[in-house]
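It should be emphasised that the depicted structure is a prediction, and the values quoted were computed from it without experimental measurement. Only heavy atoms go into these numbers, but all of them, side chains included; no hydrogens, no water, no symmetry mates. Convention: sequence-line order gives letters A, B, ...; per-chain numbering from 1.
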There are 2 protein chains.
Amino acid sequence: MTQKKPRSARGVASAVLDAHSSEQLAGLFRALADPTRLRIVSAVFDDEQCVHDLASVLELEQSAVSHQLRMLRDLRIVRRRKEGRHVYYSLDDSHVRDLFAFALEHIRHQEGSR
Amino acid sequence: MTQKKPRSARGVASAVLDAHSSEQLAGLFRALADPTRLRIVSAVFDDEQCVHDLASVLELEQSAVSHQLRMLRDLRIVRRRKEGRHVYYSLDDSHVRDLFAFALEHIRHQEGSR
DNA sequence: TGAACATATGATCAATTATTCATATGTCAA
DNA sequence: TTGACATATGAATAATTGATCATATGTTCA
């Protein structure tokens, strides 16, 4: 493991985050702060999936998946595409894809260094 | 066997996240899913700060700050340095610094595109 | 030693939230 | 149309959580 200093991120938050920004940012993190939603995100990471298949793969009730998808949709993290009676969900935001990937790498490295 | 990844973050989660990984990852995001903790992180982003100054700057009770700092410390997001009767907190993990900076950039861009 | 200061922490309470159940809406095929 | 399938959603419930209060621990200095 390297221990180099990332000069890139320094200075980004020179002042303490104001109330509005911190609420907004917390909202983004909160969307990813649940195992079920993370598994949904990982399931649609590469390809779109319909609700039924998501429920099946994740072994969750269809209702639970729908509720979480709605939240992710409200936060513009996933988007819907209707096709007949199926609704396909996919990642709406590549930033979130990167955020997810970055954080996943982080915990995997942490895991190894304990 | 191995397929070529068309984009940087693609392929990171080729399979659906397992229960353990999703719990761990959710834990990391949950740590940042609260405005108060985010403001604490932003306050120690560049320099260490003692508890009292954090409480003063963030306009929070000392107790509330201490509780949140403990959580951040348990998650190895901040670290303590004792000096006399003061305890100075700083970011313990540069990955978190990058994660924070990345996410902040994200919402700032989103903000502009609405 | 005692008083003031700095930090930590257990208990409590209010607010939030993830899931389940029941049900509604919408689509397709026979 | 009817019945089966796919998805969405409101209500209820249990679990989690952030802040506060009261108090404990630890440090410095007169």
Side-chain angles (χ1 to χ4, degrees), chain A residues 16-17 19 22-44 48-90 92, chain B residues 16-17 19 22-44 48-90 92:
Chain A
V16 174
L17 227 53
S22 63
E23 289 285 352
Q24 251 205 302
L25 193 53
L28 173 60
F29 283 123
R30 200 176 294 118
L32 302 172
D34 175 76
T36 295
R37 284 193 296 275
L38 283 178
R39 298 182 73 224
I40 290 175
V41 168
S42 77
V44 301
E48 63 180 11
Q49 301 287 338
C50 73
V51 180
H52 180 264
D53 286 352
L54 282 174
S56 158
V57 166
L58 304 177
E59 295 178 49
L60 291 168
E61 302 228 344
Q62 172 272 319
S63 177
V65 174
S66 256
H67 278 294
Q68 297 295 13
L69 283 169
R70 183 152 127 79
M71 178 179 172
L72 290 172
R73 189 153 52 90
D74 287 346
L75 284 153
R76 295 163 195 255
I77 287 171
V78 299
R79 76 165 152 255
R80 304 157 38 111
R81 181 178 71 82
K82 288 193 69 171
E83 187 177 312
R85 47 185 162 171
H86 294 265
V87 178
Y88 293 92
Y89 282 84
S90 57
D92 187 22
Chain B
V16 173
L17 227 52
S22 62
E23 289 286 351
Q24 251 205 301
L25 193 53
L28 173 61
F29 283 124
R30 200 176 296 117
L32 301 172
D34 175 77
T36 296
R37 284 193 295 276
L38 284 177
R39 297 183 74 225
I40 290 175
V41 167
S42 79
V44 301
E48 62 180 13
Q49 301 287 338
C50 72
V51 179
H52 179 265
D53 285 354
L54 282 174
S56 157
V57 167
L58 305 176
E59 295 178 49
L60 292 167
E61 301 229 343
Q62 173 270 320
S63 176
V65 175
S66 256
H67 278 294
Q68 297 294 12
L69 283 169
R70 181 152 128 79
M71 177 178 172
L72 291 172
R73 189 152 52 88
D74 288 345
L75 283 152
R76 295 162 195 258
I77 287 171
V78 299
R79 76 165 154 256
R80 303 155 41 108
R81 181 178 71 83
K82 288 193 67 171
E83 188 177 310
R85 48 185 163 170
H86 294 264
V87 178
Y88 292 92
Y89 283 83
S90 56
D92 187 23

When you measure from the side chain of A:R39 to the backbone of B:L17, do you find a donor-acceptor pair of N or O atoms at a distance under 3.5 Å?
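Side chain of A:R39 to backbone of B:L17, a donor-acceptor pair under 3.5 Å: yes, one is there.
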With heavy atoms under 4.0 Å as the rule, sort B:Y89 into base, sugar-phosphate or nothing.
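If one applies the 4.0 Å heavy-atom cut-off, B:Y89 turns out to touch the sugar-phosphate alone, with no base involved.
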Side-chain touch B:L72/B:Y89, heavy atoms, less than 4.5 angstrom
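No, side chains not in contact.
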At under 4.0 Å, does any side-chain N or O of B:R85 touch on OP1 or OP2 of C:dA4?
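So the side-chain polar atoms of B:R85 never come under 4.0 Å of the phosphate oxygens OP1 or OP2 of C:dA4.
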OP1 or OP2 of C:dT7 versus the side-chain N and O atoms of B:H52: is any pair under 4.0 Å?
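No.
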Which residues in residues 30-37 of chain B have at least one heavy atom lying under 4.0 Å from any atom of DNA chain C?
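Heavy-atom cutoff 4.0 Å gives no residues at all.
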Partner residues of B:Q68 under the side-chain contact (heavy atoms from CB on, under 4.5 Å) criterion, sequence neighbours left out
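Applying side-chain contact (heavy atoms from CB on, under 4.5 Å) to B:Q68 gives B:D34, B:T36, B:R37, B:I40, B:M71.
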side-chain contact (heavy atoms from CB on, under 4.5 Å) against B:R85, all qualifying residues, sequence neighbours excluded
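For B:R85, no residue satisfies side-chain contact (heavy atoms from CB on, under 4.5 Å) once neighbours in sequence are set aside.
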Shortest non-hydrogen contact from B:H86 toward B:C50
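Minimum heavy-atom contact is ND1-SG, 4.0 Å.
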May I have the distance from B:D74 (atom CG) to D:dT17 (atom C1'), rounded to whole angstrom?
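So the two atoms are 15 Å apart, to the nearest Å.
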Whole angstroms only, please: what is the NZ-C1' distance between B:K82 and D:dT25?
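Taking NZ of B:K82 and C1' of D:dT25, I get 9 Å after rounding.
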Check side-chain hydrogen bond (donor to acceptor under 3.5 Å, both in side chains) between B:E83 and all other residues, then give those that pass, not counting sequence neighbours.
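side-chain hydrogen bond (donor to acceptor under 3.5 Å, both in side chains) list for B:E83, sorted by chain: B:R81.
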Near-strand residues of residues 55-70 of chain B, defined as heavy-atom separation under 4.0 angstrom from DNA chain D:
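Per residue number, the list reads B:E61, B:S63, B:A64, B:H67, B:Q68.
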Cut-off 3.5 Å, no hydrogens considered: what does the side-chain donor-acceptor table look like for residues 51-66 of chain B, sequence neighbours left out?
unit_1, atom_1, unit_2, atom_2, d
B:Q62, NE2, B:S66, OG, 3.2

